[in-house]
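For reference, the structure discussed in these notes is given below.
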Amino acid sequence: MMYDVSAILVNYNSSTFTINCIDSILDQTSSKLKIQIIVVDNASTYEDYISIKKKIQNLNLPSITLIRSRINTGFGGGNMLGIQHATAKYYAFINNDTLLKNDCLSIVYNFLEDTPDAAVCCPQQYNEHNEVQKSFDHFLSLRRELFGRKILERLNPNKYPKRRKIYDTPIKVQSVPGSFLVANAVCFDKVGGFDTNIFLYYEETDLCYRISKDDERWASYLVPEARFTHFKGQSTSKSLAIKKELKISLLYVLKKNSGYVAYLVLRIWLTLKFLVKSFFSPKNFKLFILFAKGAPLTESLKHRQILLKK
């Protein structure tokens, strides 16, 4: 069956959030929209996986599919596994720790249908306290990392719209968050989807950048009429390993899309920065060592994953 939207959810030891997200999609989405839900369990504990399996069995809907991966493939890898079962015109990558505040999927679907240059879009993000959150970003670049987003927004507001501003109408942006990203399947497929070399972080800005470079007619949009709540970080707890993963992905994507010189300059800057920081806080010494080594992908959590028995 051909659906309008294929919603892909990746679960990692957070089945309660995943179940609530599924219920939210089913409750909020208009019956007029033909929607497919694909849940990818990314090597959670067996008990966590079984919780979702029972939920889906009880729903008994042919439009909901559960896939079990025996190894944690990360954000991009999990979503790419789900994509192989998607049959819709548009893909919606929805973090499992989100809830739809309105008929999000119908709104973004209609927007994509009515906007010829829209390849990617996202709804307006809120936190659990119903406060508006930043819902788009600027492309990763050396100038962004060295000078910061606020300076870019002041110097060139047309190219770099203010992220903290509250928008009432759709606005063209450079990159949208991976927490709720809806993509035209043709554009997504053409560039190969998410880069699975990345285990966590910066997958969405890399995707949006590659789509825009593949065809300059394609654009990304924020659609503020559509709204969702994001609880954030339910599958990843703060740790040194996660900080390292963030920096590994940062330098990998910068080198890939901006070139070796940009990568080298930022790497040197971060190496010196964390060398100085390590004198005041010893925990920063491990980050200094990471940058001194070049933050290679071999240091990624991706290479620490093991196959589960079931």
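As the structure is a computational prediction, the values presented were derived from the model and not from experiment.
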What distance separates Y201 OH from L246 CG, expressed to the nearest 0.5 Å?
6.0 Å

Is there a path from L61 to I38 through hydrophobic residues (I, L, V, M, F, W, Y) whose side chains come within less than 4.5 Å of each other?
no

Rounded distance [0.5 Å steps], CG in N156 versus NE2 in H138:
10.0 Å

Which heavy atom of S175 sits nearest a heavy atom of T205, and at what distance?
OG-CA, 3.3 Å

For L142 and L254 the tightest heavy-atom approach is N-CD1, 3.7 Å

Is it true that a side-chain atom of D214 and a backbone atom of V191 form a donor plus acceptor pair closer than 3.5 Å?
no

Which is it for K256 and D195 under the salt bridge (Lys or Arg N to Asp or Glu O under 4.0 Å) test, yes or no, and what are the steps along the way?
CA-CA 11 Å; K256 174 184 174 183; D195 182 346; 2.8 Å; yes

How long is the straight-line distance from OG of S300 back to CD of Q305, given to the nearest 0.5 Å?
8.0 Å

Worked check of side-chain contact (heavy atoms from CB on, under 4.5 Å) between Q36 and T87
CA-CA 8 Å; Q36 174 187 31; T87 62; 3.7 Å; yes

Is there a donor in the side chain of H230 and an acceptor in the side chain of N127, or the other way round, less than 3.5 Å apart?
no

Where the side chain of S135 meets the backbone of Q133, is there a donor-acceptor pair that is under 3.5 Å apart?
yes

Heavy atoms of other groups near I306 CD1, more than 12 under 6.0 Å
no

Is there a side-chain contact between Y46 and L308 in this structure, where contact means two heavy atoms from C-beta onward sitting under 4.5 Å apart?
no

Heavy-atom side-chain contact between L105 and I94 under 4.5 Å
yes

In sequence, state the C-alpha distance, the side-chain angles, and the governing distance for D48 and S15, and then conclude on side-chain contact (heavy atoms from CB on, under 4.5 Å).
CA-CA 6 Å; D48 196 74; S15 58; 2.9 Å; yes

Between the main-chain N or O of G294 and the side-chain N or O of Y263, is there a donor-acceptor pair closer than 3.5 Å?
yes

Would you say that more than 12 heavy atoms from the other residues, nucleotides or ligands in this model lie under 6.0 Å from the CD of E216, or not?
no

Does some side-chain heavy atom of D97 sit less than 4.5 Å from a side-chain heavy atom of S14?
no

Distance-only donor-acceptor check, side chains N130 and K101, under 3.5 Å:
yes

Taking Q125 for its side chain and K134 for its backbone only, find out whether a donor-acceptor pair lies under 3.5 Å.
yes

Just by distance, with hydrogens left out, do N11 and S44 show a side-chain donor and acceptor under 3.5 Å apart?
yes

Between OG of S258 and CD of E145, what distance do you get to the nearest 0.5 Å?
10.0 Å

Applying ring pair (Phe, Tyr, Trp, His ring centres under 6.0 Å) to F111 and Y221, what does each step give before you reach the verdict?
CA-CA 10 Å; F111 176 80; Y221 284 87; 5.2 Å; yes

Donor-acceptor pair, side chain of R267 and main chain of F291, under 3.5 angstrom:
yes

Side chain to side chain, S6 and Y90, heavy atoms closer than 4.5 Å
no

Is it the case that one hydrophobic cluster holds both V223 and F136, taking links as side-chain heavy atoms less than 4.5 Å apart, direct or via other members?
no

L81, L66: one ILVMFWY side-chain cluster at the under-4.5 Å cut-off?
no

Do F274 and I289 have side-chain heavy atoms sitting under 4.5 Å apart?
no

Answer yes or no: are there more than 12 heavy-atom neighbours, outside R143 itself, under 6.0 Å from its atom CZ?
no

Do D23 and K55 meet the salt-bridge criterion of a basic N to acidic O distance under 4.0 Å?
yes

Has E153 got a side-chain atom pairing as donor or acceptor with K162's backbone, closer than 3.5 angstrom?
no

side-chain contact (heavy atoms from CB on, under 4.5 Å) between V182 and V120, worked out:
CA-CA 6 Å; V182 185; V120 178; over 6 Å; no

For E225 and R227 the tightest heavy-atom approach is O-NH1, 3.4 Å

Mutual orientation of the aromatic rings belonging to Y91 and F188 [parallel < 30°, tilted 30-60°, perpendicular > 60°]
perpendicular

Compare every heavy atom of A7 with every heavy atom of I35, then report the nearest pair and how far apart it is.
CD1-CB, 4.4 Å

S249 side chain vs E245 backbone, donor-acceptor pair below 3.5 Å
yes

Give the minimum heavy-atom separation between L240 and K283, together with the two atoms involved.
CD1-O, 4.2 Å

Please check: side-chain N/O of N42 versus main-chain N/O of T73, any donor-acceptor pairing under 3.5 Å?
yes

Salt bridge check: are D41 and R68 linked by an N-O gap of less than 4.0 Å?
yes

Any luck finding a side-chain donor-acceptor pair between N95 and S179 under 3.5 Å?
no

Between D215 and K190, is there a side-chain N and carboxylate O pair less than 4.0 Å apart?
no

Find out if a path of hydrophobic residues (ILVMFWY) with successive side-chain heavy-atom gaps under 4.5 Å connects I198 to F139.
no

Are any of the side-chain heavy atoms of H303 and F199 separated by less than 4.5 Å?
no

Can you tell me if R217 uses its side chain to pair, donor with acceptor, with the backbone of D117 under 3.5 Å?
no

Anything under 30° is parallel, anything over 60° is perpendicular, the rest tilted; go ahead and classify F194 against F93.
perpendicular

What distance separates T271 OG1 from K293 NZ, expressed to the nearest 0.5 Å?
12.5 Å

L266 vs K255, side-chain contact (heavy atoms from CB on, under 4.5 Å): CA-CA, chis, key distance, verdict
CA-CA 10 Å; L266 185 61; K255 183 178 181 180; over 6 Å; no

Would you please indicate if the ring centroids of Y126 and F228 are separated by under 6.0 Å?
no

Would you find more than 12 non-hydrogen atoms of other residues, nucleotides or ligands less than 6.0 Å from K243 atom NZ?
no

Within 6.0 Å of CD in Q28, more than 12 heavy atoms from elsewhere:
yes

Side chains of N197 and Y252: is there a donor and an acceptor less than 3.5 Å apart?
yes

Going from CG on N96 to OG1 on T16, what distance comes out if it is rounded to the nearest 0.5 angstrom?
10.0 Å

So which heavy atom on I83 is nearest to which on I8, and how close?
CD1-CD1, 3.9 Å

Looking only at atom types and distance, does a side-chain atom of E113 sit under 3.5 Å from a main-chain N or O of V108, one as donor and one as acceptor?
no

Co-membership, hydrophobic cluster, residues L275 and L250, 4.5 Å side-chain:
yes

